[in-house]
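Below you'll find the structure, written out as structure tokens, and then a few comments.
Remember, it's a predicted structure, so these values are computed and weren't measured experimentally. By convention here, the first residue in the shown sequence is residue 1.
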Amino acid sequence: MLKKILMGLGALIVVIAGIVLYRTFTYGGAPVGDRVELPDVPAISADTAAEHLSEAIRFKTITLTGGDPRPGQEGPWLELHDWLEETYPAAHAAMTKEIVPDTLTLLYTWQGSDPSLKPLLLMAHQDVVPVNIGTEGDWTGAPFKGDIVDGYVYGRGALDDKSNLIGIMEAVDALAASGFQPKRTVILQFGHDEEVLGSGAEKSIALLKSRGIEPVMAVDEGFAVLDPSPLTGAKMGMIGVSEKGYVTLQVTSLGTGGHSSMPPRDSVNVQLGKAIVALDENQMPADFSKPPVSDLLRASAGDMPFMQKMALANMWLFGGMVEKSFSATPAGNAMVRTTTAPTMLAGSAKENVLPQRSTAVVNFRVHPNDTVEDVVDHVKKVTADIEGIEVSAPEAGNGEASPVSPTDGRPYAVLASVAEAAGDGAPVAPALVIGATDGRYATAITPRVYRFSPGVLTPADLSGFHGTNERMSVENMGRISNGFAQIIVAMDQGD
């Protein structure tokens with residue numbers, strides 16, 4: 001009997017091993033979406049584009065809070081607008097220019113010859129974040145001089161997001177100067193305050209919607225070709241097909257205050273601490289089964305080590321291990337779930353006074369698999385058994401995750417082809433943008449919103465994002481400008 005049992009177990013192990021190996025060897029590899037043959041476009045000088053980026057950086061279009069720039073502080077934006085007209089005469093001769101009412105957001109329209117074709121919307125933003133006081137001397141190139149050092153343009157906005165603004169204008173100017181006339185209308189939107197929630201972009205999209213404009217797709221900042229990808233250790237293009245939502249909840253602990261010389265065992269601060277720990281230990285669930293995460297992992301599989309690929313191909317067996325691995329790093333955790341971040345605490349006004357009311361502000365970045373309502377329900381459930389805890393959400397400032405844009409059809413195919421070309425044949429995958437972009441507003445007028453720039457970025461480049469030594473390579477300025485020109489012409493060749 002024992003022999004039969006052992007033989008049966010051995011056969012079962014062989015079957016399971018066979019299933020695991022079959023699923024591993026057949027997992028991923030095929031690209032997501034179609035590809036197109038990219039058109040020839042006019043030559044664009046990387047050096048000239050880099051010099052123009054350098055000049056654009058010198059305009060201190062800094063936003064700090066909503067409503068910036070304040071009345072009387074619009075000078076840098078207006079100077080940038082004038083500089084764009086002077087620098088890109090062919091583009092301005094070909095397009096009509098508007099300033100969206102009550103904003104400094106720019107809206108350009110290059111009218112196409114075929115009104116039956118839906119327009120192409122290309123987006124970027126003019127504003128930049130400030131430089132931390134006292135860190136100016138840590139920069140290789142001064143943050144607002146646009147110094148070009150060893151093949152890189154340094155300065156605030158070099159990466160986020162004047163490189164894309166300049167790249168788009170370089171592309172349009174070169175195409176217009178060459179005599180290219182689009183069949184499909186091209187719309188450019190350059191928001192003025194993306195870094196402080198993007199009211200300009202929101203109003204611009206509302207204006208386009210009021211005109212009945214439904215773009216074939218919108219392209220904004222977000223991802224690029226990463227060298228290397230943190231998933232595979234090899235070069236890989238990523239196209240953002242969705243971005244996370246945002247909700248901030250207030251968790252309040254109520255109880256009896258008093259003198260700190262006679263503290264109760266469970267003061268409101270202790271109860272609040274229990275609530276925060278409970279939320280940290282009971283995260284929103286991870287989900288690897290739906291796009292964009294599922295598509296990203298499948299497309300990455302070809303460059304993954306065998307054991308990593310085996311685990312992803314057999315989530316039915318290794319799901320817990322995979323989730324633990326992703327959850328171990330901030331970036332991996334943010335990719336697969338709604339994140340929980342206690343950010344602000346408030347309680348007593350004096351060190352020897354026990355508060356009657358203590359609060360924690362907890363920020364959640366909402367994954368496309370969840371809703372704001374799911375988050376609120378989760379927090380209430382997790383804290384339900386903690387005495388004196390109340391949960392409330394502000395009426396404003398919340399937003400659902402953006403819809404996941406499709407990866408079939410020509411729009412994604414064009415972007416994927418441009419990404420492959422920029423990355424010298426590197427694989428390309430859809431991905432989730434963890435932060436917020438102006439692109440989230442464009443979902444009101446088109447289901448195809450993508451977040452991608454045709455550059456190749458290294459970890460050293462990415463470390464300057466909102467930090468010290470923000471930079472963009474001269475070579476990348478050539479790639480970005482050329483890539484946007486290819487996007488415009490390639491989309492002009494489709495329906």
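- Heavy atoms only, all atoms of each residue included: Asp173 and Ala90 are closest at OD1-N, 3.1 Å.
- With hydrogens and angles ignored, the 3.5 Å screen pairs no side-chain donor or acceptor of Arg298 with any backbone N or O of Asp295.
- Here the two rings, on Tyr108 and His92, have centers that are under 6.0 Å apart.
- Residue Met344 qualifies as open at atom CE: its count of foreign heavy atoms under 6.0 Å is 12 or below.
- A salt bridge links Arg448 with Asp408: at least one charged nitrogen is closer than 4.0 Å to a carboxylate oxygen.
- The residues Lys235 and Asp424 are annotated as salt-bridged, a charged nitrogen and a carboxylate oxygen being separated by less than 4.0 angstrom.
- How far CG of Asn398 is from CZ of Phe364: 11.0 Å, rounded to the nearest 0.5 Å.
- At most 12 non-hydrogen atoms from other residues, nucleotides or ligands lie less than 6.0 angstrom from NZ of Lys209.
- Between the CD atom in Gln73 and the OG1 atom in Thr63 there is a gap of 11.5 Å [rounded to 0.5 Å].
- Residues Thr105 and Phe190 fail the side-chain proximity criterion, which asks for heavy atoms closer than 4.5 Å.
- Outside the 6.0 Å centre-distance limit, the rings of Phe59 and Phe144 are not counted as a close aromatic pair.
- The distance from atom CD of Glu470 to atom CZ of Arg156, rounded to the nearest 0.5 Å, is 5.0 Å.
- Within a 6.0 Å radius of CG in Leu197, other residues, nucleotides and ligands contribute 12 heavy atoms or fewer.
- With values rounded to the nearest 0.5 angstrom, Ile166 atom CD1 is found 11.5 Å from Phe484 atom CZ.
- Between Ala94 and Ala176, the shortest heavy-atom contact is CB-CB, 4.0 Å.
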- [ ] Start with the C-alpha distance between Glu51 and Arg58, add both sets of side-chain angles, then the distance that settles salt bridge (Lys or Arg N to Asp or Glu O under 4.0 Å), and finish with yes or no.
- [x] CA-CA 11 Å; Glu51 181 57 42; Arg58 297 168 200 167; 3.8 Å; yes
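- In Lys60, the NZ atom is not crowded: 12 or fewer heavy atoms of neighbouring residues, nucleotides or ligands sit closer than 6.0 Å.
- Heavy atoms only, all atoms of each residue included: Gly66 and Val196 are closest at N-CB, 3.8 Å.
- Summarising the geometry of Thr443 relative to Pro403, their closest heavy-atom pair is CG2-CD, 3.9 Å, with the distance given to 0.1 Å.
- By the 6.0 Å contact criterion, CD on Glu475 is open, its count of non-hydrogen atoms from other residues, nucleotides or ligands being 12 or less.
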Donor-acceptor pairs under 3.5 angstrom involving side-chain atoms of residues 454-467: please list them, not counting sequence neighbours.
| residue | atom | partner | partner atom | Å |
| --- | --- | --- | --- | --- |
| Thr458 | OG1 | Ala460 | N | 3.4 |
| Thr458 | OG1 | Asp461 | N | 3.2 |
| Thr458 | OG1 | Asp461 | OD2 | 3.1 |
| Asp461 | OD1 | Arg471 | NE | 2.9 |
| Asp461 | OD1 | Arg471 | NH2 | 3.1 |
| Asp461 | OD2 | Thr458 | N | 3.0 |
| Ser463 | OG | Ala460 | O | 2.7 |
| His466 | NE2 | Asp160 | OD2 | 2.8 |
| His466 | NE2 | Glu195 | OE1 | 3.3 |
| His466 | NE2 | Glu195 | OE2 | 3.4 |

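- For Pro76, the side chain to side chain contact (heavy atoms under 4.5 Å, CB included) criterion is met by Thr61, not counting sequence neighbours.
- Between the side chain of His367 and the main chain of Met335, a donor-acceptor pair closer than 3.5 Å is present.
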TODO: Test ring-ring contact (aromatic ring centres under 6.0 Å, His included) on Phe288 and Phe326 and set out the steps.
DONE: CA-CA 10 Å; Phe288 297 84; Phe326 273 85; 5.3 Å; yes
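- Between Arg451 and Glu221 there is no salt bridge, since no side-chain nitrogen of the basic residue lies less than 4.0 Å from a carboxylate oxygen of the acidic one.
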